Amino acid sequence: MRCITLAKSLREKGAECVFVCRLLKGNFITMISICGFRVVKLPIDGAFFENSCKDYDSWLCGSWQSDAEASIIVARKLQPNWIIVDHYALDVNWERKVRPYTKNLCVIDDLANRVHESDVLLDQNFGRTSADYMGLVPHYTVLLTGPSFMLLREEFRKLRQISLDRRLTDTGKKILVSMGGSDEYNATGAVLSALENSSLCDQLEITVILTRQSLHLDEVASQVTRSKMKVKLEVDVGNMAWYMAQNDLAIGAVGGTAWERCCLGLPTLMVVIADNQAAGANALASSGAAELVGTIKNIEKRLPELIEEVFEKNRLRAMAVVASEITDGNGTKRVRSQLIEEIL
């Protein structure tokens, strides 16, 4: 999603953007195409696809060498000004092999755990600094670190002030539940069950957001129908910023949507779904912008306690102010300017 956001912004300045994606289960190729971008599809390597794909290296579901060779075939045809690579399984080895076929190379990373060789490196995470990449990139690499470079869609920047103004007055108990696209472990269902056990359950107005890629969509839909709470389910929404601006509190994972919520000053109770989310979650919790529920196994006990705490102690307004100071919604434009300046 962040690559789509960047591509849309670049397109506004006349760039032609082409995506290279592997045909893995749950891919976003259809969405990318709907957004008007050409997609070059790489086939699945059956031998690797049988693996569990639990660690970052196996996420590629193939070797980095074969991936690089397939990408080079595309690059030879396109002769790009930039190749932008966003994948935890790729590092300096892939980059060195592909780099001769592009004028410039940009890496998007979150982990600061491996060596890169690129002209620009973007790590937009809260608390990240250039010092975290010392010894991991060449001296000439331009480092764009921290949430001022957050790749947020234009809709969040446009609705920012409206959302912030809304939080200056006392509000109700409207909660947005959004646990990510596929929600592999059905954190959404666990959240709804926990809210049913809250002493405030009869006062809550809950909106659940899922995509059609959600592995537990039917199960959650049934749960919503049976619920004694005031809850509605929305699927494949095209205006997430509007939903965030209309709610008083979010319960969500710590992926890209965490920073969208910050831009709109939406206080959040965070659930850590994957290991790579832990650092960002701890940083947000330490800042006071959000509260950490923990992992999915902590939802049942911890979530009802936090719901009562944040509403009864009127903590939402203070959380909203801190969250809004983390990112202003202009990060995509800043990254775009860096890339275009290198071309001109």
Side-chain angles (χ1 to χ4, degrees), residues 125-127 167 171-210 214-216 219-220 222-224 226-233 243-244 247-262 264-324 326:
N125 288 290
F126 183 46
R167 302 182 196 290
T171 53
K173 294 181 174 62
K174 295 182 178 180
I175 298 178
L176 182 69
V177 178
S178 176
M179 306 307 302
S182 62
D183 192 10
E184 179 181 359
Y185 305 105
N186 196 17
T188 301
V191 166
L192 290 176
S193 295
L195 292 177
E196 294 269 8
N197 295 323
S198 165
S199 63
L200 301 177
C201 69
D202 58 341
Q203 302 175 40
L204 305 176
E205 295 181 50
I206 304 166
T207 301
V208 176
I209 304 289
L210 286 175
S214 173
L215 302 179
H216 302 277
E219 184 178 343
V220 171
S222 177
Q223 190 174 358
V224 167
R226 300 191 314 268
S227 177
K228 64 184 180 182
M229 300 183 294
K230 186 176 181 180
V231 54
K232 61 182 179 180
L233 172 64
Y243 281 95
M244 289 184 179
N247 281 274
D248 306 302
L249 175 70
I251 301 173
V254 198
T257 54
W259 316 115
E260 296 169 353
R261 297 189 293 257
C262 285
L264 298 179
L266 178 60
T268 304
L269 304 183
M270 303 175 295
V271 179
V272 175
I273 304 297
D275 292 343
N276 63 293
Q277 297 177 355
N282 289 327
L284 283 169
S286 296
S287 74
E291 290 285 349
L292 182 57
V293 176
T295 63
I296 293 177
K297 67 181 180 181
N298 302 119
I299 291 175
E300 180 180 4
K301 181 177 186 300
R302 181 65 174 145
L303 184 56
E305 297 172 352
L306 281 175
I307 286 289
E308 295 164 15
E309 184 177 328
V310 296
F311 280 121
E312 292 181 355
K313 294 185 178 180
N314 297 316
R315 293 180 54 194
L316 295 187
R317 193 177 302 178
M319 292 170 69
V321 171
V322 176
S324 68
I326 289 174

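Values reported hereafter were calculated over all heavy atoms of this structure, with side chains retained and with hydrogens, waters and symmetry mates removed. Because the structure is a prediction, the values reported are computed rather than measured. Numbers for residues simply follow the sequence, beginning at 1.
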- CG (Leu284) and CE (Met270) are apart, to the nearest 0.5 Å, by 5.0 Å
- Item | Pairwise distance CG(Asp248) to CE(Met319) - rounded to 0.5 angstrom | 12.0 Å
- Task: Specify the closest pair of heavy atoms between Ala320 and Pro267, including all atoms of both residues, with the distance to one decimal.
- Result: N-CG, 4.0 Å
- Message: Tell me the closest heavy-atom pair linking Val220 and Val208, and the distance in Å.
- Response: CG1-CG1, 4.3 Å
- Query: Ser286 side chain to Asn282 main-chain N or O, any donor-acceptor pair under 3.5 Å?
  - Reply: yes
- Query: For the atom pair CD (Glu309) and CZ (Arg302), what is the distance rounded to the nearest 0.5 Å?
  - Reply: 6.0 Å
- Item | Closest heavy-atom pair and its distance - Ala283, Phe126 | O-CE2, 3.4 Å
- Message: Which residue in the set Asn247, Ile206, Thr257 passes side-chain contact (heavy atoms from CB on, under 4.5 Å) when paired with Leu176?
- Response: Asn247
- Is the closest side-chain heavy-atom distance between Val177 and Ile209 below 4.5 Å? no
- Check Cys201 against Met229 and note the closest heavy-atom contact, atom names and distance. O-CG, 3.8 Å
- Query: Nearest 0.5 Å, what's the CG-NZ distance between Asp202 and Lys228?
  - Reply: 8.5 Å
- All pairs passing salt bridge (Lys or Arg N to Asp or Glu O under 4.0 Å) where residues 265-282 contributes a residue, at least two apart: none
- Message: Run Leu316 and Val310 through side-chain contact (heavy atoms from CB on, under 4.5 Å) and show every step you take.
- Response: CA-CA 6 Å; Leu316 295 187; Val310 296; 4.1 Å; yes
- Task: Would you confirm whether Arg167, through its side chain, and Val321, through its main-chain N or O, come within 3.5 Å as a donor-acceptor pair?
- Result: no
- Below 4.5 Å, heavy atoms only, C-beta onward: do Trp259 and Asn125 meet side chain to side chain? yes
- Query: Do you know the tightest heavy-atom contact between Asn186 and Glu219?
  - Reply: ND2-OE2, 3.3 Å
- Applied to residues 187-197, the side chain to side chain donor-acceptor pair (under 3.5 Å) test, sequence neighbours excluded, yields Asp183-Thr188, Ser193-Gln223, Glu196-Ser227
- Query: What distance separates Leu292 CG from Thr268 OG1, expressed to the nearest 0.5 Å?
  - Reply: 11.5 Å
- Are the side chains of Val271 and Thr295 in touch, meaning some heavy atoms are under 4.5 Å apart? no
- When rounded to the nearest 0.5 Å, the distance separating CG of Leu249 from CZ of Phe311 is 5.0 Å
- Message: Applying salt bridge (Lys or Arg N to Asp or Glu O under 4.0 Å) as the test, list every pair that has at least one member in residues 282-298; sequence neighbours left out.
- Response: Glu291-Arg315
- Looking only at atom types and distance, does a side-chain atom of His216 sit under 3.5 Å from a main-chain N or O of Gly189, one as donor and one as acceptor? no
- Item | Validation row: Ile326, Ser287 side chains within 4.5 angstrom (heavy atoms) | yes
- Item | Which atom of Ile299 lies closest to which atom of Ala194, heavy atoms considered | O-CB, 3.6 Å
- Query: For Glu305, does the CD atom have more than 12 heavy-atom neighbours from other residues, nucleotides or ligands under 6.0 Å away?
  - Reply: yes
- Message: So Glu205 and Ile175, do their side chains get closer than 4.5 Å, heavy atoms only?
- Response: no
